[in-house]
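Chain identifiers are assigned alphabetically (A, B, ...) following the order of the sequence lines, protein sequences preceding nucleic acid strands; residue numbering begins at 1 within each chain.
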Number of protein chains: 2
Amino acid sequence: MRDCHKWGQKFQNYGLRLTISREAILEVLINTDKHLSAEDIFMAVHSNNPAIGLTTIYRTLELLKQTGIVTKFEFGHGKAKYELTEEYSKKKHHHHLICKKCRKVVDYTDFIMEEKEYINKAATGMQNKFGFDIDTHIIHFYGICPECKAE
Amino acid sequence: MRDCHKWGQKFQNYGLRLTISREAILEVLINTDKHLSAEDIFMAVHSNNPAIGLTTIYRTLELLKQTGIVTKFEFGHGKAKYELTEEYSKKKHHHHLICKKCRKVVDYTDFIMEEKEYINKAATGMQNKFGFDIDTHIIHFYGICPECKAE
DNA sequence: TCTGATAATGAAAACCATTATCATTTTGTA
DNA sequence: TACAAAATGATAATGGTTTTCATTATCAGA
Ligand SMILES: [Mn+2]
Ligand SMILES: [Mn+2]
Ligand SMILES: [Zn+2]
Ligand SMILES: [Zn+2]
């Protein structure tokens, strides 16, 4: 159980320990399809492991970010949200729709071929023009969700 | 001078007063090609108008955001950055390259046709699929700038 | 199994960008 | 000029995140 997961390997390679806390946090991230804040994760973990503190949540999330296991998103609503990276998630490559009214965040997986084409072209162009090595990108669409339109 | 600008009209339409503070803040935004934080703007304004406080900077930036004169960006480095919107800026439609090491932000105006094509397709798709009305989008490219590569 | 070095942790305090409060000043209008 | 509404600055408060530091858990070697 402990070492059979992808991240178990990753942790070992980085000389990090796969502790109870870290496993509990990863488990929460694996078993959700939402975008969770540190506090969301703290509360989810707390029900089974009341001893784990919020500080550890923040520290672990930072660690998971550094090792490429989670992505940190700042949607502009005060608190950062976390999601497993494509490599470690069941989710496919996707981007986000954000409702400017209710702040809902929806995953959007369509038109990935077209996106890839544009992104590749742009990333190559930037490499050539600026010498900038691109390795990730973010696309956010802002608008009003159907519920807020109806209101 | 006071009313000959686009934003003068906009302010009037909204029943807002075009005060010294607001003009000073707009002037800073007009005369830069950088992405400034509230504090950056405060310091720039301060040299000529020491009486203007940081609170007014924040309040005015929020106002300018509401009226569509500035865009607020959260690049994930702690403080928000502000830039005139396409409509009020000399800059063309563009997106951003962000260096993950030194946090530099570079404007990128290439491949806009290709981008527009993809964005239109995606926005239409989302409208049809989710009933989500998209009106803006953000594209951020993350990577390492040439200076940091050389280090 | 013991032991020491190192990593991880929790509680509490500190940090810091941003926002709220409120008394005062400025502005547009009659 | 007088008055109401809007704008402002100093200050305090907020709240998500990070630091600090003493304690605990983990692992490698003896
Ligand atoms: Mn997502
Ligand atoms: Mn820009
Ligand atoms: Zn909504
Ligand atoms: Zn750099």
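- Between the CD1 atom of B/I57 and the P atom of D/dT8 there is a distance of 10 Å, given to the nearest Å.
- In this structure, the CG atom of A/L18 is 13 Å from the C1' atom of C/dA8, given to the nearest Å.
- If you measure from atom CD1 of B/I20 to atom C1' of D/dG9, you get 16 Å, rounded to the nearest angstrom.
- Closest non-hydrogen pair, A/K90 versus A/I30, comes out as NZ-O, 3.6 Å.
- In this structure, B/R59 does not reach the C/dA20 phosphate: none of its side-chain N or O atoms is under 4.0 Å from OP1 or OP2.
- Ion pairing between a basic and an acidic side chain is recognised when a charged N comes within 4.0 Å of a carboxylate O; A/K100 and B/D135 show such pairing.
- The two residues B/V28 and B/V45 make their nearest non-hydrogen contact at CG2-CG2, 3.7 Å.
- Within the structure, a side-chain polar atom (N or O) of B/Y58 is placed less than 4.0 Å from OP1 or OP2 of C/dT18.
- In terms of position on DNA chain C, the residue among B/K79 and B/T55 whose nearest nucleotide sits closer to the 5' end is B/K79.
- For B/R22, taking side-chain heavy atoms from C-beta onward, the closest of the listed nucleotides D/dA7, D/dG9, C/dA8 is D/dA7.
- Put simply, CD1 on A/I25 is 9 Å from P on C/dG10, counting in whole angstrom units.
- Here the P atom of nucleotide D/dT8 and the CG atom of B/N49 are 12 Å apart, to the nearest Å.
- Side-chain contact, A/H35 with A/D107: a donor N or O sits under 3.5 Å from an acceptor N or O.
- For B/H77 and C/dC16, the NE2 to P distance is 17 Å, given to the nearest whole Å.
- The residue among A/K81 and B/A51 whose nearest nucleotide of DNA chain D is located toward the 5' end is B/A51.
- Between A/E23 atom CD and D/dT26 atom P the separation is 11 Å, expressed in whole Å.
- Between A/S37 and A/K81, the closest heavy-atom pair is N-CD, 3.7 Å.
- Between A/T19 and C/dT9 there is a side-chain polar atom (N or O) within less than 4.0 angstrom of OP1 or OP2.
- For the OP1/OP2 pair of C/dA17 and a distance below 4.0 Å, the side-chain nitrogens and oxygens of B/S37 include no atom meeting the criterion.
- OP1 or OP2 of C/dT26 has not a single side-chain nitrogen or oxygen of B/R17 nearer than 4.0 Å.
- Closest to the side chain of A/L16, out of C/dT9, C/dA17, C/dA8, is C/dA8.
- With rounding to whole Å, B/E62 atom CD is found 18 Å from C/dA17 atom P.
- When the side-chain nitrogen and oxygen atoms of A/S21 are compared with OP1 and OP2 of C/dT9, one or more of them lie within a distance under 4.0 Å.
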